[in-house]
Each structure stands twice: as structure tokens, then as C-alpha cells.
Amino acid sequence: MFLFLGASVSLNAALIAGILARLNGSTTLRAALVAGPAFIAVFSLFIAAWGNLT
């Protein structure tokens with residue numbers, strides 16, 4: 001359940017990062033390149049936290 005929460009929060013962070021990049025005048029490709037690492041960074045924090053909980 002905790003990893004589903006992590007995936008949900010990570011997806012929201014990626015969407016927000018992509019939207020902010022797009023609003024700052026970036027192309028769609030550059031916004032996607034910003035959103036991908038944002039998802040990975042936030043989800044890796046949840047994976048690390050989950051590892052510490054178990």
C-alpha cells in the first residue's frame with residue numbers, strides 16, 4: 001500500500017514538474033525530460049523510506 005502511495009505522489013510530482021516546465025516556455029519534449037527524472041527522484045525516496053520501514 002505504501003508503494004502505491006509513493007507511485008501516486010511521484011506521478012503528481014512529475015505532472016507538476018512537467019506543467020511548470022511547459023509554463024516556463026519549454027517544449028513538450030523538454031517538459032517530458034523534466035518530468036521523468038522528477039518521478040524517479042520522488043519514487044526513489046518512497047522506496048528508501050519503505051526499505052527503512054520493513
Side-chain angles (χ1 to χ4, degrees):
M1 189 67 174
F2 186 72
L3 290 181
F4 287 123
L5 173 67
S8 174
V9 171
S10 301
L11 185 60
N12 286 329
L15 288 173
I16 290 170
I19 289 170
L20 288 177
R22 192 72 178 117
L23 287 176
N24 285 330
S26 296
T27 63
T28 304
L29 179 61
R30 186 165 289 176
L33 290 175
V34 168
F39 177 84
I40 293 169
V42 175
F43 193 61
S44 66
L45 290 175
F46 273 89
I47 296 262
W50 180 62
N52 287 332
L53 289 175
T54 56

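We number each residue from 1, following the sequence as shown.
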Side-chain donor-acceptor contacts of residues 44-52 below 3.5 Å, not counting sequence neighbours, with atom names and distances?
unit_1 : atom_1 : unit_2 : atom_2 : d
Ser44  : OG     : Ile40  : O      : 3.1
Ser44  : OG     : Ala41  : O      : 2.7
Asn52  : ND2    : Ala48  : O      : 3.4

For residues 19-26, please give each side-chain donor-acceptor pair under 3.5 Å, one per line with the distance, not counting sequence neighbours.
unit_1 : atom_1 : unit_2 : atom_2 : d
Arg22  : NH1    : Ser26  : O      : 2.6
Asn24  : ND2    : Leu20  : O      : 3.2
Ser26  : OG     : Ala21  : O      : 3.1

Please tabulate, one pair per line, all N/O donor-acceptor pairs under 3.5 Å involving side-chain atoms of residues 4-14, not counting sequence neighbours.
unit_1 : atom_1 : unit_2 : atom_2 : d
Ser10  : OG     : Gly6   : O      : 2.6
Ser10  : OG     : Phe43  : N      : 3.0
Asn12  : ND2    : Ser8   : O      : 3.3

Name all pairs fulfilling the ring-ring contact (aromatic ring centres under 6.0 Å, His included) condition that reach into residues 5-33, sequence neighbours left out, sorted by first residue then second.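 Passing the test, one end in residues 5-33: no pairs.
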
State yes or no: do Leu15 and Leu33 share one hydrophobic cluster built from I, L, V, M, F, W and Y residues joined by side-chain heavy-atom distances below 4.5 Å, directly or via other members?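 No, it is not one cluster - the side chains of Leu15 and Leu33 are not joined through contacts under 4.5 Å.
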
